[in-house]
Amino acid sequence: MAEFKIPQLRRKKERGEPIVSITAYDLFTAHLARDAGVDFVLVGDSMANVLQGHSTTVPVSLEDVIYHTRIVVRALPDMLVIGDMPFGTFKVSADETVHNALALFKETGCGAVKMEGADESNLDATARLKRIGVPVMGHLGLLPQRVHATGGYRIQGRSEKSRQRLLAEAQALQDAGAFAVVLECVESRCAEAITRALKVPTIGIGSGPHTDGQILVIHDALGMHAEYLPSFARRFANLYADGVEALREYTGAVRARTFPGPGEYTMVPQKAADESDNEGAQTA
Ligand code: KIV
């Protein structure tokens with residue numbers, strides 16, 4: 001059961017074992033993550049960029065996240081799957097946040113939800129959700145849902161003021177009951193200080209090597225697109241390039257009439273075909 005995976009994350013932190021996470025959005029990416037042995041998957045609102053072709057994560061709807069989270073939960077019945085709360089479904093009020101988080105949790109069967117930021121309404125909702133039985137993962141540093149307000153994608157925690165603010169926010173999320181905190185594009189010494197200060201695990205993305213775990217968008221990690229790769233990401237494979245190459249071969253084979261070849265189709269012997277009343281049985 002996914003819920004019981006959450007204490008394991010805390011134990012990994014205590015033992016100093018790195019926590020590995022990746023995003024997943026469908027059967028293919030979910031099964032890749034499972035078979036590679038990652039610790040948990042996030043059905044991220046990054047689906048806006050990598051599945052839907054938007055330039056920010058703002059347009060994703062709760063229905064979109066519910067749809068993809070259901071698929072991933074069905075694909076991974078024994079893994080911790082976390083559903084990401086999309087822009088506009090939280091922060092507006094704690095009541096609305098709780099309502100939307102319950103919908104995501106109940107309608108998908110995911111093991112936890114994630115929310116960006118640590119304002120009062122988030123903290124209140126995190127505490128209420130924990131009491132109800134919905135584990136919440138926090139997300140601090142660069143908040144992609146706020147890029148229109150903050151003016152772009154920048155490293156956070158460089159100045160002393162920003163560092164202190166991030167530390168206080170991380171502590172407040174832990175106190176409210178968050179079971180882990182994602183640190184996105186947080187200056188590495190600041191991320192290290194937060195990781196040391198918290199009892200709950202930190203999961204870094206673009207925040208250096210000293211967080212308790214790492215997460216990447218699977219399309220970046222596997223080279224599943226030909227778009228810009230963030231400087232902090234690493235391509236561990238080139239599935240997009242390999243896919244184009246493979247489809248070029250397929251295209252060439254169809255045009256050259258070498259596909260389908262012998263053994264790639266069935267011919268019913270003429271006698272059997274003549275005896276058959278079934279038209280469809282003549283060739284397949
Ligand atoms: O939506 C997402 O994929 C995320 C991760 C990058 C942490 O929030």
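Both ligands and their constituent atoms are indexed starting at 1 by order of listing.
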**Message:** Is there a polar contact, in the sense of an N or O pair closer than 3.5 Å, between E184 and ligand 1?
**Reply:** no
**Prompt:** Is the closest N or O pair between T23 and ligand 1 shorter than 3.5 Å?
**Reply:** no
**Request:** Examine Y240 together with H219 and report whether their ring centres are nearer than 6.0 Å.
**Result:**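 No.
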**Request:** Please indicate whether H54 has more than 12 foreign heavy atoms, meaning atoms of other residues, nucleotides or ligands, lying under 6.0 Å from its NE2.
**Result:**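 Check passes, neighbour count above 12.
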**Request:** Return yes when atom CZ of F87 has more than 12 non-hydrogen atoms of other residues, nucleotides or ligands closer than 6.0 Å, and no otherwise.
**Result:**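 No, not enclosed.
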**Prompt:** Does E116 come within less than 4.0 Å of ligand 1, judged by its heavy atoms?
**Reply:** no
**Prompt:** Strictly under 4.0 Å, does any heavy atom of M47 approach an atom of ligand 1?
**Reply:** no
Sidechain N-carboxylate O distance under 4.0 Å for [X], [Y]:
X    : Y    : answer
D212 : K12  : no
R189 : E187 : yes
K91  : D119 : yes
R163 : E160 : yes

What is the closest protein heavy atom to [atom], and at what distance does it sit?
atom                   : value
atom 6 (C) of ligand 1 : I205 CD1, 3.6 Å
atom 1 (O) of ligand 1 : D45 OD1, 2.8 Å
atom 3 (O) of ligand 1 : S46 OG, 2.5 Å

**Prompt:** Okay, side chain of D64, backbone of S61: is any donor-acceptor separation there less than 3.5 Å?
**Reply:** yes
**Message:** Need the ligand 1 atom indices (1-based, order shown) with element for anything under 4.0 Å from a heavy-atom of H139.
**Reply:**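 The list of qualifying atoms is 8 (O).
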**Per-atom contacts, ligand 1 versus G44 - under 4.0 Å to a heavy atom** =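 By the 4.0 Å cutoff, the relevant atoms are 1 (O), 2 (C), 3 (O).
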**Request:** Would you kindly specify which portion of L42 sits under 4.0 Å from ligand 1, judged on non-hydrogen atoms: side chain, backbone, both or neither?
**Result:**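 It is the side chain that gets close, since no backbone atom is under 4.0 Å.
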**Prompt:** Considering only heavy atoms, does D84 approach ligand 1 within less than 4.0 Å through its side chain, its backbone, both, or neither?
**Reply:** side chain
**Item:** Residue selection (non-hydrogen contact nearest atom 8 (O) of ligand 1) among M137, K114, H219
**Value:** K114
